[in-house]
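Residue numbering restarts at 1 for every chain, and letters A, B, ... go by the order of the sequence lines. Below, each value reflects all heavy atoms present in this structure, side chains not excepted, and no hydrogens, waters or symmetry copies.
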Amino acid sequence: MSELYEAIRLVAAPDVVIAIVASAIYGLVVGSMPGLSATMATALLVPVTFWLSPIAAIATIITASAMAIFSGDIPGCLLRIPGTPASAAYTDEAYAMTRKGQAEMALGAGLWFSAIGGIVGTLSLVLMAPLLAEMALSFSTYEYFWLAFLGLMCATLVARSSPIKAIASMLLGLLIACIGMENPAGTPRFTFGMTDLLGGIEPIPALVGVFAVSEVMRAMASAEPPKLPKRKFGSILANQWMLTKKYQKPMWRGNFIGIIIGVLPGAGADMAAWVSYAMSKKFSKTPELFGTGHPEGLVEAGASNNASLASGWVPALLFGIPGDTITAIAIGVLYMKGLNPGPTLFTENARSMYALYLIFIIANIIMIPLGIVMIRMASTVLRAPRASIMPVILLLCAVGAYATGNNLFSVGLVGAFGILGFVMERNGYPVAALVLGIVMGSMVETNFVTSLIKSDGDVLPFFERPVSAVLAAMTIGALLWPLGVWIWNRTGGARLQPRGAAE
Amino acid sequence: MHDLTRRGLLGAATALAAPLLAGPLAGPALAQPKWPARPVQMLCPWAAGGGTDAVLRIVAILLEKELGQPFNVVNRTGGSGVVGHAAIAAAPADGYTLGIITAEICMLHWQGLTEVTYKNYTPLGLMNNDPPGIQVNINSPYKDVKQLADAIKASTPGKFKASGTGQGGIWHLALAGWLGAMGLKADHVRWVPSNGAAPAMQDLAANGLDFTTCSVPEARAMLDAGRARSLAVMAPERLSAFPNIPTLKEAMGVDYNSGAWRGIAGPPGLPAAVVSTMDAALGKVFASQEYKDFLNARGFGMVYADAAGFGEHMAKADVSLGDAMKAAGLAKV
Amino acid sequence: MQLSDRVTGAVLVGLGGLAAWSGSRLPGVPGQDVGPAAFPMLIGGGLMLCGAMIALGIGHSFEVPEEEEAVPGRSRFYGLRVLVPPALLLFYMFAAEPLGFLLTAFLMVLVGAFALGARARLAVPLALVAPLIVHLAFYKLLRVPLPEGLLGAPW
């Protein structure tokens, strides 16, 4: 117990308190800027952490990343420009709610369920870290292959357009992920002799291009939309308790899925949001409402991506294995501050661990008041003239793309993805599926190819290990389900609703 | 604290003395202002938060203390390190853009991925070297590296699977070099490419691999967690942070050394004053307690060479890495 | 850029074929059975299949008809305005180093605002203020080395 008391004392130190508040505001602002992402927010903090005490340094990373993941929902909801790949899954849904005049409800749901997800995820970290770590270590490349495959299938489940076009978009994303030499063979592919393409295409410039730039392009061609009904932004939290009670089951499912996916290194918050949104649609009583401005999916996916953010620290803290790009940066900071990841961190450095848990909880609690202020400020963009917002967004896209690697090439890349996104959108190809393909591409290929190398070309081990057998069965089931429905309908059987899967 | 003040004074003294000493010798250099007169940009070819980034940032902080001007770290990523390495080589040779270069500079040009080689830099100082280790799962039947080596020799080619980084990466070459030193072909053990050392160590813990050849600090968390065991390290002497791991030579009499090294360098043709100032300053940085503490905390290998020594080190590494790549069939040039 | 499904499907078939063909020409890796060619060929094949199905109109019934905003048909070149944003990004990519961030960003915001129909009363102050705020935030607070070029910032 004295360790816990010590931890409270550590967290209550003035420099830690200042670090938490300052990085919370920083994370909220950076995350809410179209064109800037949560990963970038964290990466830009690394030099700052050099000057801070160990606990304050970790506090800035934890707080800023949690805030940025939430506030990535804000531009997605208001302008249809997701701030992070994790928000891309449900951006259309949230934007549809804004169009219906329910922006405060959509943003409030993002805030409320993000905070709940973050706290539940932290509790899982506190109570079950060894158990979750054991699970993560039982995953070999065979299991990861099936997991990544299942993640890709979600693109077709959530799309509102033709499933074939969704698959085509996703395949295009996978093809883009082939660019560069970061593939299992270490061979440069599709680089056209350009050095800048050797490292491949990062998901962030692609995300910014297909969503933000193409949105600015659409604004160029269309007349200014009618102003939203001028009404006061209602109480942001008013309806959340009602939503919590109404969608309790999806919320817990989202938390659970988020924790599980977060623990598995490489999958992370992006995939958690996609899988949860797809599950929500699949198991909903009203799947036909999804995509028309229905909060159910937001509840589940919003909880899921913040839960995964906390549980992603389990493999990072116990084994030094990064769960995603954010924890990869966090591990570097941990080492830098002498808090070396490993089980000894939990035993010898227990007070630091307790302090870390406390920071997670505090970050998720102060997210609510600060988030409300942020939402109110951000909502003014709905009233500002479009001609003043769009050019600034374009400028932020350019600077944000440049800031990650200080490389001007990515600015051009963002422009190219803008054109691609614009053309795809006009012709009914979902751009979110493209982003998912780019995010998951290297995970699918690496695990597929390395598994084949390990098994000397044999396919059997993909089904032999117990966990991989279960995952394989789920994947194949999900693949065959829409086909079965289609055949059933064609052969004139009783008309079965192609629920979710084939919509 | 006492130590710190003394070094501060010493640094100030050298900074004052440098132009005086260099002045009469270099003739026209007399007219040049003292270097550094304004902030210096330090390029890092790898992303923020990684090991190379951490080394450069601590070096930059200590250089600032030493030379009295800010040394700003800028991550110039992209192209698997090619973009940043090329940017350092192509920077104006005025001493205000320097950077950190890594072992990859002696590998990329053999693969035909860049024209830039170690000859396109002015070496200033080798700051660290991480030798590869040989790690097995904690439940592996091989208790020491000799048993593992005997089992590999007795096996059919391709039966053993190892990992640690991507195809043709530095740890793949370490495996090829070790096998070569044992008289085996480079592909006698099948290389399973991975996305860096962390996923490889995880797959090792999940029983998916026979061993890994990543560096010991990269394996550290898994070693501490009791999931893996390090059998040997491919270095001339034991690592200060891991005194219990024997070297290859001690354990099985094979003398093979390799490593992922990092050093500070600038574009070719740097003014002599810059080189001599940096050479001395980097020597002091390496000798400082802060830098030692940092390397030990991360488990990084404590290896230093001055400007001239770093140049020789790179020339040697270029040949040995080139040989390993040719043996593994990875060289294109 | 509204194209028929036949056209986009055909483009996908072509792209998939190209990916599979150039993938198949990638050299193998010594010591490995599965080389760099396998994955692009697999995806190329998939793209060709999807493209063909789209061109033939399979799965079209699932689509929600896109609500097409009527573009006021002014001149023939009006539609080309959508290319302004990517063109501005391309301009930024090439001009940022020689001109410096402040000048480049000023021109970018100015042209962008005018293209969206803003009056000079809005566009000019916006183009003056926004780059300064962005520069302050990124250069000073986040330490991003924005290029200085012809016109350095006052800080």
Legend entry - Interatomic spacing from CD1 in A/I419 to CG in C/L83 - rounded to 0.5 Å: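 Reported to 0.5 Å precision, the distance equals 6.0 Å.
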Atom group of [X] that falls short of 4.5 Å from chain C, counting heavy atoms:
X	answer
A/I389	neither
A/L413	neither
A/L394	both
A/P47	neither
A/Y26	side chain
A/T187	side chain

Inset, instruction - Please check if the side chain of A/Y402 supplies one atom and the backbone of C/P145 the other of a donor-acceptor pair under 3.5 Å. - result: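 Yes.
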Inset, instruction - Please tell me if the side chains of C/V82 and A/F422 come closer than 4.5 Å, counting only heavy atoms from C-beta onward. - result: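 Touching, per the 4.5 Å side-chain cut-off.
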Check each atom of [X] against the heavy atoms of chain A and say whether the ones under 4.5 Å are side chain, backbone, both or neither.
X	value
C/V109	both
C/L122	side chain
C/A105	both
C/F101	side chain

Inset, instruction - Could you walk me through whether A/V414 and C/Y92 pass the side chain to side chain contact (heavy atoms under 4.5 Å, CB included) test, one step at a time? - result: CA-CA 11 Å; A/V414 167; C/Y92 182 95; over 6 Å; no
